[in-house]
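Basis for what follows: all heavy atoms, side chains included, without hydrogens, waters or symmetry-related copies.
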Amino acid sequence: MSDQLAFDWPTGVALGPDDFFVSEANAQAFAMLAAPETWPEHKIAVIGPKGCGKSHLARVFQTQSDALLIAAADIASGFQTDATTVVIEDMELLPNTAEEAVFHLHNNLRGVGGTLLMTSDQAPSRWPIALPDLASRMQATAVVQIADPDDALLSALIMKLFADRQINPQPALVQYLATRIERSFAAAAEIVARLDAAALAQGRKINKTLAAELLDNAS
């Protein structure tokens with residue numbers, strides 16, 4: 001969940017399996033990653049908005065399957081690996097110079113019965129891949145979508161975002177925020193970051209009064 005957000009994160013973000021909250025919004029993705037043997041052609045793309053938990057799920061999968069995890073933006077033109085389970089994050093950021101390497105990786109994994117998990121905030125058909133052979137293979141990848149958060153997930157996300165900053169909010173504050181912010185992962189991250197920054201700058205406690213001031217100013 002952490003580094004998919006478009007905000008600066010503090011250290012200590014919890015990414016263990018027990019830290020992932022399953023709700024209707026992400027239950028299908030969670031279940032699919034727990035059963036890679038069911039993936040068509042042993043590959044899948046997890047798609048969802050920034051901050052939805054793609055990186056968290058990828059790291060849970062990495063731990064459980066001993067996978068190689070690499071950011072698409074970090075793949076070089078001569079990239080090779082003997083790993084048979086590979087996770088590539090943020091495929092929309094794959095450099096054009098790395099497309100041939102990923103094409104060969106894809107074919108090698110398919111040849112040995114390996115597993116490929118990819119994440120992105122865009123569907124494979126929208127990835128800016130110029131190499132036709134790679135583009136066609138990516139577009140044929142099975143996709144599992146993480147939806148915008150439901151009420152339960154939004155509240156859990158707010159709690160986790162506070163906990164990652166070593167803040168223990170009152171349940172009433174979490175409920176207050178969940179009913180007043182936009183129902184999105186980015187909005188949850190933004191309000192928690194703003195509350196933390198305002199409390200530090202003003203020497204105040206994080207509570208409903210401070211939250212109301214910030215939300216009123218935003219509106």
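- The environment of CD in E100 is sparse: at most 12 heavy-atom neighbours from other residues, nucleotides or ligands sit within 6.0 Å.
- The shortest distance between side-chain heavy atoms of T85 and D66 does not fall below 4.5 Å.
- Annotation for Q175: atom CD does not count as buried by contact number, only 12 or fewer foreign heavy atoms lying within 6.0 Å.
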Report task. Begin from the C-alpha positions of D90 and K54 and carry the test salt bridge (Lys or Arg N to Asp or Glu O under 4.0 Å) through to its verdict. Result -> CA-CA 9 Å; D90 302 319; K54 299 186 298 292; 5.7 Å; no
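- Put simply, the side chain of I181 reaches to within 4.5 Å of the side chain of L154, judged on heavy atoms.
- Rounded to the nearest 0.5 Å, atoms NZ (K160) and NE2 (H56) are 5.5 Å apart.
- The minimum heavy-atom distance between A187 and E182, with the atom names listed, is CB-O, 3.4 Å.
- Contact detail for A188 and L157: the closest heavy-atom pair is CB-CD2, 3.7 Å.
- Taking all atoms of both residues into account, the shortest heavy-atom contact from P124 to A45 is CG-CB, 4.2 Å.
- Between V174 and S155 the shortest heavy-atom distance is CG1-O, 3.6 Å.
- The shortest distance between side-chain heavy atoms of T115 and F61 falls below 4.5 Å.
- In the hydrophobic clustering of ILVMFWY residues, with side-chain heavy atoms under 4.5 Å counting as a link, L177 and I167 come out together.
- Atom CG in D133 sits 11.0 Å away from atom CD in E99 (nearest 0.5 Å).
- Evaluation of the ring-ring contact (aromatic ring centres under 6.0 Å, His included) test over residues 157-183, restricted to residues two or more places apart or in two chains, returns none.
- With sequence neighbours excluded, no residue satisfies side-chain contact (heavy atoms from CB on, under 4.5 Å) with A201.
- Counting all heavy atoms, side chain and backbone alike, E92 lies closest to S120 at OE1-OG, 2.7 Å.
- Counted within 6.0 Å of CD on Q170, heavy atoms from surrounding residues, nucleotides or ligands total 12 or fewer; the atom is thus considered open.
- For the residue pair P128 and N96, the shortest heavy atom distance occurs at O-ND2, 3.6 Å.
- Under the 4.5 Å side-chain criterion, counting only non-hydrogen atoms from C-beta, L215 is in contact with I191.
- Considering CD of E213 and CG of L195, their distance stands at 10.5 Å, rounded to 0.5 Å.
- Residue pairs meeting the side-chain hydrogen bond (donor to acceptor under 3.5 Å, both in side chains) criterion with at least one partner in residues 134-143, sequence neighbours excluded, are N107-R137.
- Between L210 and N207, the closest side-chain pair of non-hydrogen atoms falls below 4.5 Å.
- Hydrophobic cluster membership of I88, counting Ile, Leu, Val, Met, Phe, Trp and Tyr whose side-chain heavy atoms lie under 4.5 Å apart directly or via other members: I47, L68, I70, I75, F79, V86, M91, L94, V102, F103, L105, L109, L116, M118, W127, I129, L131, L134, M138, V143.
- Applying the side-chain hydrogen bond (donor to acceptor under 3.5 Å, both in side chains) test to pairs two or more places apart or on separate chains, those with a residue in residues 192-203 are R165-D196, Q202-R204.
- Atom CG in L153 sits 9.0 Å away from atom SG in C52 (nearest 0.5 Å).
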Please set out all donor-acceptor pairs under 3.5 angstrom arising from side-chain atoms of residues 28-41, sequence neighbours excluded.
from : atom 1 : to  : atom 2 : distance (Å)
T38  : OG1    : A35 : O      : 2.7
W39  : NE1    : M32 : O      : 2.7

